[in-house]
Amino acid sequence: QVQLVESGGGLVQAGDSLRLSCAASGLTFRWYTLGWFRQAPDKQREIVATLAWTDDTAYADSVKGRFTISRDNAKNILYLQMDSLKPEDTAVYYCATATARFVVPNDRAGFGSWGQGTQVTVSS
């Protein structure tokens, strides 16, 4: 059974940095497209960044230049480095994996395994 555990969230001030981690068990990250999502109160869960199994990356316009998605294949850990945080980044952040190996989902529906999330709060 796939399990994903996020960590690294916290309360920070605008301009600070955080590094989120997502540790996986039950699968090997290397051959799966991975993603970070976030959900603010009363808002839809949205894509933050994706890392395809081909190593191509994609970012939401709102985080381009500030966030970096990466993986450690040996440890099966996905990372999200967040710099220059803004209050609008406040949300619960989730990691997810695609439903199968060697595919690149076009939207959230293509990600089938989810962690429980880690809270990121950015104060002004």
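In what follows, every heavy atom counts, from backbone to side chain, and hydrogens, waters and symmetry copies are set aside.
- With ring centers used as reference points, F37 lies under 6.0 Å from W114.
- Going from atom CD of Q44 over to atom CD1 of I47 covers 12.5 Å, rounded to the nearest 0.5 Å.
- Hydrophobic cluster membership is shared by V12 and M82, with clusters built from Ile, Leu, Val, Met, Phe, Trp and Tyr side chains linked at under 4.5 angstrom.
- For the pair K86 and D89, the salt-bridge criterion is not met [side-chain N within less than 4.0 Å of a carboxylate O].
- For the pairing with W36, the side-chain contact (heavy atoms from CB on, under 4.5 Å) check across T50, V63, L80 returns one residue only, L80.
- The line from SG of C22 to CD1 of I69 is 9.5 Å long, rounded to the nearest 0.5 Å.
- Considering all non-hydrogen atoms of both residues, S113 and L4 come closest at O-CD1, 3.4 Å.
- By the neighbour-count criterion of 12 heavy atoms within 6.0 Å, atom CZ of R101 is sparsely surrounded, having that number or fewer from other residues, nucleotides or ligands.
- Atom CD of Q13 has 12 or fewer neighbouring heavy atoms from other residues, nucleotides or ligands inside a 6.0 Å radius.
- Under the 3.5 Å distance criterion, the side-chain polar atoms of R71 are matched with a main-chain donor or acceptor of F29.
- With rounding to the nearest 0.5 Å, the separation of CG in D16 from OG in S84 is 9.5 Å.
- Between L78 and S70, the shortest heavy-atom contact is CD1-O, 3.2 Å.
- At least one side-chain heavy atom of L27 sits under 4.5 Å from a side-chain heavy atom of Y32.
- Between the OG atom of S21 and the CD atom of Q81 there is a distance of 9.5 Å, given to the nearest 0.5 Å.
- Ring geometry for F102 against W31 counts as tilted: the plane angle lies between 30° and 60°, on a 0 to 90° scale.
- Nearest approach of S124 to P87, heavy atoms of both residues: CB-CG, 3.9 Å.
- Of the N and O atoms on the side chains of Y93 and R38, at least one donor lies less than 3.5 Å from an acceptor on the other residue.
- Using modelled atom types, no side-chain atom of Y59 and backbone atom of R66 make a donor-acceptor pair closer than 3.5 Å.
- Few gaps surround CD on E46; more than 12 heavy atoms of other groups in view lie less than 6.0 Å from it.
- Contact check for T118 versus L20: side-chain heavy atoms found under the 4.5 Å cut-off.
- The number of heavy atoms from other shown groups lying within 6.0 Å of CG (D55) is above 12.
- Side-chain contact between T33 and P105: present, with at least one pair of heavy atoms (C-beta onward) separated by less than 4.5 Å.
- Residue G117 comes nearest to V92 through the heavy atom pair CA-CG1, 3.8 Å, listed as atom of the first residue, atom of the second, then distance.
- Looking at E6, its side chain does come within 3.5 Å of a backbone N or O of C95 through a donor-acceptor pair.
- Of the inter-residue distances, the one linking L18 atom CG with F67 atom CZ reads 9.0 Å to the nearest 0.5 angstrom.
- A pairwise comparison of heavy atoms in Q116 and Y94 identifies O-CE2, 3.4 Å as the closest pair.
- Of the N and O atoms on the side chains of E88 and T90, not one donor lies less than 3.5 Å from an acceptor on the other residue.
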